[in-house]
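FYI, the numbering just counts along the sequence from 1.
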Amino acid sequence: MKIALVVSDFNFDVTSQMAERARRHAEFLGAEVSHTVHVPGVFDMALAVKRLLKRKDVDGVAMIGAVIKGDTKHDELIAGAAAKAAVDLAVQFDKPVALGITGPGMDRMQALDRIDNAKNAIESLVRMARVLKELGE
């Protein structure tokens, strides 16, 4: 099984560690991370995810990012848009898209505490890809 990661570089101190955890967990599960694409922020992920899902050599994509609360509710808008994009693209391309984005509503310390949540996204992605393979076309 070949999977891809789309990683937000915004909050890089958090997301770089999340991406590393995701890669290690994919290897543990017997999945190959064949592509890793870095984008500026969580809001920018959808186009990269779409391009990857079009590839025949990609079985699914995990979105890896951290949306940290600021002075406004901008974090809620960004996280909601990313979640909607994940669902829409998964249904459009009939491939799993895992939401490995922590937040909204968390501060930097909470984001650091949630780095291991990237493993949950990989777990979900690999399990869903296997379920879809079992179900066939």
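Between Arg55 and Lys95 the shortest heavy-atom distance is O-NZ, 2.6 Å. Nearest approach of Ala31 to Ile3, heavy atoms of both residues: CB-CD1, 4.4 Å. Across all their heavy atoms, Thr15 and Ile64 have their closest contact at O-CG2, 4.3 Å. Shortest non-hydrogen contact noted between Asp94 and Leu132 is O-CD1, 4.2 Å. Ala26 and Val33 make their closest contact through CB-CG2, 3.7 Å (heavy atoms, listed as atom of the first residue, atom of the second, distance). For Ala19 against Val7, the heavy-atom pair with the smallest separation is CB-CG2, 3.9 Å.
Within a 6.0 Å radius of CD in Glu27, no more than 12 heavy atoms belonging to other residues, nucleotides or ligands are found. No more than 12 heavy-atom neighbours from other residues, nucleotides or ligands sit within 6.0 angstrom of CZ on Phe43. In Leu77, the CG atom is crowded: over 12 heavy atoms of neighbouring residues, nucleotides or ligands sit closer than 6.0 Å. The 12-atom threshold is exceeded at CZ of Arg24, counting heavy atoms of other residues, nucleotides or ligands nearer than 6.0 Å.
Between Leu5 and Ile122, some side-chain heavy-atom pair lies under the 4.5 Å cut-off. Contact annotation: the side chain of Val14 approaches that of Ile115 to within less than 4.5 Å [non-hydrogen atoms, C-beta and beyond]. Residues Asp57 and His35 have side chains in contact (heavy-atom distance under 4.5 Å, counting atoms from C-beta outward). Asp113 has its side chain out of reach of Met106: every pair of non-hydrogen atoms, C-beta onward, lies at least 4.5 Å apart. Looking at heavy atoms from C-beta onward, Lys119 lies out of side-chain contact with Glu123 at the 4.5 angstrom threshold. Annotation: side chain of Val37 is not in contact with side chain of Arg51 (no heavy-atom distance under 4.5 Å).
Without hydrogens or angle criteria, Asp44 side chain to Val39 main chain gives no donor-acceptor distance under 3.5 Å. Side chain of Asp9 to backbone of Pro40: no donor-acceptor contact under 3.5 angstrom is found. Under a 3.5 Å cut-off, the side chain of Asp75 and the backbone N or O of Gly105 do form a donor-acceptor pair. Side chain of Asp107 to backbone of Gln110: a donor-acceptor contact under 3.5 angstrom is found.
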- Which is it for Met45 and Ile101 under the side chain to side chain contact (heavy atoms under 4.5 Å, CB included) test, yes or no, and what are the steps along the way? CA-CA 11 Å; Met45 291 180 160; Ile101 299 170; 3.9 Å; yes
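Salt-bridge check for Arg108 with Asp13: passed, with a basic side-chain N closer than 4.0 Å to an acidic carboxylate O. Checked for salt-bridge contact, Glu20 and Arg23 meet the test: a charged N lies under 4.0 Å from a carboxylate O.
Partner Pro104 forms a side chain to side chain contact (heavy atoms under 4.5 Å, CB included) with one of His74, Lys69, Lys73, Glu76 and no other, that one being Glu76.
Residues Leu99 and Phe93 share a hydrophobic cluster, clusters being chains of Ile/Leu/Val/Met/Phe/Trp/Tyr side chains in contact below 4.5 Å. Following chains of ILVMFWY side-chain contacts shorter than 4.5 Å, one cannot reach Met18 starting from Leu52, and the two form parts of different hydrophobic clusters. Clustering ILVMFWY residues whenever any of their side-chain heavy atoms sit less than 4.5 angstrom apart, transitively, puts Val42 in the very cluster that holds Val49. A single hydrophobic cluster is seen to contain both Val126 and Phe28, as judged by linkage of ILVMFWY side chains at heavy-atom distances under 4.5 Å, directly or through other members.
Arg21 CZ to Asn117 CG: the interatomic distance, rounded to the nearest 0.5 Å, is 10.5 Å. Taking CE of Met63 as the start and CG of Leu125 as the end, the distance is 12.0 Å to the nearest 0.5 Å. Rounding to the nearest 0.5 Å gives a distance of 4.5 Å between CZ of Arg130 and CE of Met1.
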